[in-house]
A.B. asks: 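If you scroll down you'll find the structure; I have some questions about it.
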2 protein chains.
Amino acid sequence: MAKVGLKDIAAQTGYSIATVSHALRNPDRVADATRKKVIAAAEAVGYTPNNLAVSLRTARSGNIVVIIPDIADSHNSNIIKAIEKVARARGYSVLLGDTQGSEAREREFARMTQTRQADGVILMSHRLPFDRKPGLPIDKLPPIVNGCEYAGHDDLPRVYIDDYQAAIDATNHLLDYGHRRIALISGDVETHSTRERLRGFDDAMAAAGVEVDRSLQVRAGYTLEEGIAGATRLMRHREPPTAIFCFSDEIAFGAMYALRDMGHSVPDDVSVMGFDNIPFARYITPPLTTIAQPTAEIGATCAEILLDIIDGKRPETPLRILPHELKVRESTRRISG
Amino acid sequence: MAKVGLKDIAAQTGYSIATVSHALRNPDRVADATRKKVIAAAEAVGYTPNNLAVSLRTARSGNIVVIIPDIADSHNSNIIKAIEKVARARGYSVLLGDTQGSEAREREFARMTQTRQADGVILMSHRLPFDRKPGLPIDKLPPIVNGCEYAGHDDLPRVYIDDYQAAIDATNHLLDYGHRRIALISGDVETHSTRERLRGFDDAMAAAGVEVDRSLQVRAGYTLEEGIAGATRLMRHREPPTAIFCFSDEIAFGAMYALRDMGHSVPDDVSVMGFDNIPFARYITPPLTTIAQPTAEIGATCAEILLDIIDGKRPETPLRILPHELKVRESTRRISG
DNA sequence: TTGAAAGCGCTAACAC
DNA sequence: GTGTTAGCGCTTTCAA
């Protein structure tokens, strides 16, 4: 179990280190008998290559790092799972970078690509984790793909849903159900996704000829706690909303909790709409109406693209839009008013 | 942004590679002026050490791998977050190993320790991910700590709660509330934690003089889906339970969903007790009575111990029991019968 | 078909 | 205080 190296098995078989290496990696370039002997010896002594040395030599670490704000968020962890799966299938490991939204941490993790500990990064953030000199071509950057967000670089490969259209779909659903006073608990307005959703909401409302009441909008983070705070504030409005569109299911959970706490019923008094469709969404009480994001597909696609880039294959088109889906469940209700 | 090495900055400053290396790592062993010049040059060219080479040379990768059945599980991901935090603070990165319960995957990940890609492993599983020759002393094994579970080796450092006592506390709570027909949806009986909880349940029931009805027990996994299946089956019993003790909050969520689906009210018709206290537990409807595990502390402790071992400091005592806590909320109810 | 030799980029004795 | 040297364990020309 100690450190056995090529050297040891070379000594044992009488071949040179080079031959042993070949026997193990390029079976064809070596005599049949040799290969067999070497492999047998390797197994006998329990040889495991020192991947550090391999990486140093081949300049490939076999790791990718995924930079993500919060791995405890269901939506994120399911994406990670998908990434992990395809990475593994293609011989890579994933290094986890939970940043808690800190830009410094994002940059720290991205540096692993320069320190050769990682071959590429999947970035679930809206900003590039390193400085890019204006005009520097994309292929001079470390292999990177942007997931769920848009970091402001058009040539950066990225995969996400059509947040604009998704927000329209969500808003239309509420509108269809007769809601007019629709409140919003949004995410970080620094992010492209949030801005797109905001835009979608506005456009849908405008298209329906309903005026948007800005005092019915609260900006938050994607957490449950912020959903509680947001809904609490909203319901204290002198003319409270009949529906709340939350930009994440976690926010929606928090909102539903707060609503119930204040004695309002969902969906009888107020309808709640989520976003993401995390696994719990359909199992809570009442089951949450929401926009489903294809998490598994997002993760898998990000990983495939990144690994392709690492292998030298750039995607033809940087942008990959994946389909979302409106899931109507019981947290929204048709009203007469 | 290309590969600048010590060599380049040596050439630029006129010093030798060794001196440059010292200037960067052991500032004291070098003249003040030298250090300044070197550091300036390093910054100027944007030098980043090749950590692969550093690791190869120092035989330390700076990574730890955490082997965990499912990172999408809230309970787990919060533990990971805590691990990540202390690892980071001590200069380590964490490699994520989501195994989906597969032993092969567990072993695969554990091998990273032999391939020198990781310096140690935190194992959230009930079995050792490599073969240990009988009698082989613990310090001949790769640095490892066992979290939340007991892999059957007494000398393996491990940290978890007192599952036996926790189950007693949970059961007593139900008993106190007047329940007698208490059902169980347990986890994998292969695991020590599950067995301990089962034992605690039996002992608590016996202590109260209540006979245990084995037909009211279902063995499952820790997932929501299994909670649904379990509760469904339980309620079809000709003499259904008045309370269900679920071995995870996810199971409990599933159970509550199924119960409601079948037209039973929680807690009016049946009380539901969880285990873990994941973040959502207190926010669902009705808020879940459960056993709180100190996830942050578990993760942090695992990491601290592992890193200490890597640094050559073995813990005095392998076993570390952390405190659990009964959280009484609204999913359990006192009954008269 | 096999082996000798030259490093990958860095650290750490040890000498100067 | 600084430089020389010898590798860490492996891959990979290039020659034999």
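Treat the numbers as computed from the prediction; the structure is a model and nothing was measured. Just so it is clear, the values below take in all heavy atoms, side chains as well, and ignore hydrogens, waters and symmetry mates. The sequence lines fix the lettering, A, B, ..., with proteins before strands; numbering per chain opens at 1.
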A.B. asks: Taking the side chain as everything from C-beta on, heavy atoms only, tell me whether His153(A) gets closer than 4.5 Å to Leu141(A).
C.D. replies: no
A.B. asks: Please walk me through it: do Phe130(A) and Ile144(A) pass side chain to side chain contact (heavy atoms under 4.5 Å, CB included)?
C.D. replies: CA-CA 11 Å; Phe130(A) 34 68; Ile144(A) 182 169; 4.0 Å; yes
A.B. asks: Pairing donors with acceptors under 3.5 angstrom, does anything connect the side chains of Glu149(B) and Ser193(B)?
C.D. replies: yes
A.B. asks: Check whether Arg158(A) reaches the backbone of Leu156(A) with its side chain - one donor and one acceptor, N or O, closer than 3.5 Å.
C.D. replies: yes
A.B. asks: Using whole Å, what does the distance between atom C1' of nucleotide dC10(C) and atom CG of Leu52(A) come to?
C.D. replies: 12 Å
A.B. asks: Around atom CZ of Arg320(B), are there more than 12 heavy atoms from other residues, nucleotides or ligands closer than 6.0 Å?
C.D. replies: no
A.B. asks: Pull out every protein N or O sitting under 3.5 Å from an N or O of nucleotides 1-3 of chain D, one pair per line with the distance.
C.D. replies:
from	atom 1	to	atom 2	distance (Å)
dT2(D)	OP1	Thr34(B)	OG1	2.8
dT2(D)	OP2	Ala31(B)	N	2.8
dT2(D)	OP2	Thr34(B)	OG1	2.8
dG3(D)	OP2	Ser16(B)	N	3.0
dG3(D)	OP2	Ser16(B)	OG	3.4
dG3(D)	OP2	Thr19(B)	OG1	2.7

A.B. asks: OP1 or OP2 of dG9(C) sitting under 4.0 Å from any side-chain N/O of Tyr47(B)?
C.D. replies: no
A.B. asks: Starting the side chain at C-beta, find the nucleotide from dC10(D), dT11(C), dG9(D) nearest to Leu6(A).
C.D. replies: dC10(D)
A.B. asks: Return the angle between end axes of the helix from dT1(C)-dA16(D) to dC16(C)-dG1(D), with five pairs used per end and rounding to 10°.
C.D. replies: 40°
A.B. asks: Before accepting this row, confirm whether a basic side-chain N of the pair Lys85(A)/Asp98(B) lies closer than 4.0 Å to the acidic partner's carboxylate O.
C.D. replies: no
A.B. asks: Output the rounded distance in Å from NZ (Lys7(B)) to C1' (dC8(C)).
C.D. replies: 9 Å
A.B. asks: Do we see a donor-acceptor contact under 3.5 Å between the side chains of Ser102(A) and Gln100(A)?
C.D. replies: no
